[in-house]
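All heavy atoms count here, side chains included; hydrogens, waters and symmetry mates do not.
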Amino acid sequence: MTKSLLTTDVESVQRPIEHANGLPNAHYIDPHVFAEESDALLKSTWAGLAVAADVPEVGDAKPFTFLGMPLLLIRDTDEQVRVFENICRHRGMILVEHPRRIEGAIRCPYHSWCYSTKGELKATPHVGGAGYNSHPDIDRTTLGLNEIRSHIWMDVVFVNIDGQAPAFTEVHADLISRWSEFDQPLHHGGNESRFTLDVKTNWKLAVENYCESYHLPWIHPGLNSYSRLEDHYNINEARKYSGQGTYVYRQLTGENGEVFPDFKSLSDFWDKGAEYITVYPNVLLGVQRDHTFVLILEPQSCDQTVEHVHLYYATDTTSDALRNKNAELWRGVFEEDIFVVEGMQRGRHAAHFDGGRFSPAMDGPTHCFHDWCASRIEAHRTG
């Protein structure tokens with residue numbers, strides 16, 4: 001029988017890697033534990049929701065469902081990207097059903113209450129009776145849209161649903177410093193540089209797989225042919241992110257030998273180096289000398305995840321053909337991982353599986369993630 005959310009034992013996860021087990025099966029297959037983790041790992045931290053490039057122009061609005069919650073991403077009249085609950089404050093009606101440009105105001109389709117792109121309640125037609133658009137007990141200044149705390153880094157829109165997490169810049173100061181050279185304009189590659197992958201797995205297995213390079217020789221033989229397993233190193237010092245890097249990055253070339261322009265003023269390391277890091281809980285990032293990418297994991301249930309992939313470049317004048325070639329290359333790499341994470345998901349139904357063991361040499365980044373999950377779950381239970 002699957003353990004309930006109150007009885008899963010995560011103590012063994014927090015042991016030194018030489019003696020640790022992975023998270024118990026219930027953390028991958030039990031809907032009750034999925035709900036607990038939604039609170040402990042996703043709603044109380046800085047989770048990835050979208051990218052700012054999803055709303056490139058003033059007035060652009062795009063609805064999202066995150067852990068069952070209706071959210072709205074919008075670029076306001078001051079060009080600030082904001083996240084609101086996508087509901088009218090009157091009766092909770094969904095405001096925006098499909099991505100669109102807001103012309104003027106966000107109008108509720110139910111009773112026509114209207115909001116500015118900054119979330120201010122601007123109009124309440126007939127709220128005081130037919131022909132009366134105000135009422136002494138309806139204070140518009142207190143009935144604006146509920147804004148969700150958000151922060152943009154590497155063009156990713158991170159959200160803190162419960163509003164209680166320390167500032168993003170405080171939580172991830174080490175990573176921001178580590179990648180400070182990429183604190184420069186990132187240009188989204190356009191429609192051909194965004195795609196989604198529907199994967200029948202728990203979102204954490206996608207993180208675990210991305211964190212490590214151990215699987216490269218068998219799952220990514222193309223990559224491993226030039227950026228070999230022995231060319232990689234682990235990144236697991238900070239306990240708030242982990243991943244891997246390589247000393248051998250090979251630029252993509254076009255038919256005429258063209259390459260993407262480099263980001264400006266990078267240090268010599270990035271001539272051939274690259275890094276691939278998970279920003280806990282659900283954002284997978286990669287940086288190279290000439291492009292970056294992000295995968296935002298959308299957990300839909302304990303066994304279903306959507307991966308949202310976006311590619312970025314140093315300029316907005318790169319070759320369409322080369323961008324398309326790059327997108328297909330990365331799509332192929334990420335698709336190679338699908339059977340692995342889906343296979344591990346099915347494996348979590350094995351009654352006697354104890355969460356597995358970690359290679360002390362190869363699995364440090366994955367154990368780091370497990371340990372982070374376990375510590376947050378314990379804190380949530382005792383808090």
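Within the structure, side-chain hydrogen bond (donor to acceptor under 3.5 Å, both in side chains) pairs that include any residue of residues 278-287 comprise S242-Y280 (at least two apart or interchain). The list of salt bridge (Lys or Arg N to Asp or Glu O under 4.0 Å) pairs with a residue in residues 109-122, not counting sequence neighbours, reads D78-K118, E120-K122. Pairs passing the salt bridge (Lys or Arg N to Asp or Glu O under 4.0 Å) check and including a residue from residues 174-187, sequence neighbours excluded, read R178-E237, R178-E275. Identified under the salt bridge (Lys or Arg N to Asp or Glu O under 4.0 Å) test for residues 187-197, with sequence neighbours left out: D54-R194. Listed by first and then second residue, the salt bridge (Lys or Arg N to Asp or Glu O under 4.0 Å) pairs that reach into residues 197-221 are E37-K204, sequence neighbours excluded. Among residues at least two apart or in separate chains, there is no side-chain hydrogen bond (donor to acceptor under 3.5 Å, both in side chains) pair with a member in residues 360-369.
At least one donor-acceptor pair closer than 3.5 Å links the side chain of D30 to the backbone N or O of H32. Listed for the R75 side chain is a donor-acceptor partner under 3.5 Å among the backbone atoms of V55. Of the possible donor and acceptor atoms, none in the side chain of Y214 sits under 3.5 Å from a partner among the backbone N and O of A361. Panel note: side chain N234, backbone N236; no donor-acceptor pair is recorded below 3.5 Å. Proximity of a side-chain donor or acceptor of N25 to a complementary backbone N or O of R348 within less than 3.5 Å is detected. Between the E85 side chain and the I148 main chain, no donor and acceptor come within less than 3.5 Å of each other. Remark: side-chain polar atoms of R331 are not paired, donor with acceptor, to backbone N or O of F195 under 3.5 angstrom. Using modelled atom types, no side-chain atom of T124 and backbone atom of V127 make a donor-acceptor pair closer than 3.5 Å. Proximity of a side-chain donor or acceptor of S180 to a complementary backbone N or O of I176 within less than 3.5 Å is not detected. Side chain of N86 to main chain of V96: a donor-acceptor pair is present (N/O by atom type, distance under 3.5 Å, no hydrogens or angles).
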- Task: Verify ring pair (Phe, Tyr, Trp, His ring centres under 6.0 Å) between W203 and F34, making sure each step is shown before the conclusion.
- Result: CA-CA 10 Å; W203 65 276; F34 177 80; 8.2 Å; no
- Item | R376 and S44: CA distance, side-chain angles, deciding distance, side chain to side chain donor-acceptor pair (under 3.5 Å) verdict | CA-CA 9 Å; R376 291 203 64 87; S44 60; 3.1 Å; yes
- Query: So D162 and K43, salt bridge (Lys or Arg N to Asp or Glu O under 4.0 Å) or not? Walk me through it.
  - Reply: CA-CA 6 Å; D162 73 1; K43 294 179 183 178; over 6 Å; no
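Taking Y247 as the reference, Y233 meet the ring pair (Phe, Tyr, Trp, His ring centres under 6.0 Å) condition, with sequence neighbours excluded. Not counting sequence neighbours, D316 has no partner by the side-chain hydrogen bond (donor to acceptor under 3.5 Å, both in side chains) test. Scanning for ring pair (Phe, Tyr, Trp, His ring centres under 6.0 Å) contacts around H187 gives an empty result, with sequence neighbours left out. Under the rule for a side-chain hydrogen bond (donor to acceptor under 3.5 Å, both in side chains), R239 has no partner lying at least two apart in sequence or in another chain. Under the ring pair (Phe, Tyr, Trp, His ring centres under 6.0 Å) criterion, H188 pairs with H310, Y312, sequence neighbours left out.
Residue E11 qualifies as enclosed at atom CD: its count of foreign heavy atoms under 6.0 Å is above 12.
Aromatic ring pairs are classed by plane angle as parallel below 30°, tilted from 30° to 60° and perpendicular above 60°; the pair F293 and Y276 is parallel. Ring geometry, H90 versus Y110: the interplanar angle falls from 30° to 60°, so the pair is classed tilted. In this pair, F168 and W46 present their aromatic rings perpendicular. The plane angle is above 60°, beyond the 30 to 60° band.
With 3.5 Å as the limit, one finds a donor-acceptor pair spanning the side chains of T8 and H27. With no hydrogens or angles considered, no side-chain donor-acceptor pair links Y249 and D231 at under 3.5 Å. A donor-acceptor contact closer than 3.5 angstrom is absent between the side chains of T201 and T305. Donor-acceptor pairing under 3.5 Å is recorded for the side chains of W330 and H291. Side-chain contact, S150 with R82: no donor N or O sits under 3.5 Å from an acceptor N or O. Judged purely by distance below 3.5 Å, without hydrogens or angles, the side chains of H308 and E298 pair a donor atom with an acceptor atom. Between D303 and N202, the side chains place no donor N or O within less than 3.5 Å of an acceptor N or O (distance only, hydrogens not considered).
Residues D60 and P99 have side chains not in contact (no heavy-atom distance under 4.5 Å, counting atoms from C-beta outward).
Criterion: ILVMFWY side-chain heavy atoms under 4.5 Å apart, direct or through other members. Under it, L311 and I296 are not part of a common hydrophobic cluster.
Closest non-hydrogen pair, S38 versus L67, comes out as OG-CD2, 3.7 Å.
Checked options N326, T292, T318; the residue passing with Y313 is N326 (criterion: side-chain hydrogen bond (donor to acceptor under 3.5 Å, both in side chains)).
Checked against the 6.0 Å centroid criterion, the rings of W372 and Y241 do not qualify as a close aromatic pair.
Cluster partners of F358 are I17, counting Ile, Leu, Val, Met, Phe, Trp and Tyr whose side-chain heavy atoms approach within less than 4.5 Å, directly or via other members.
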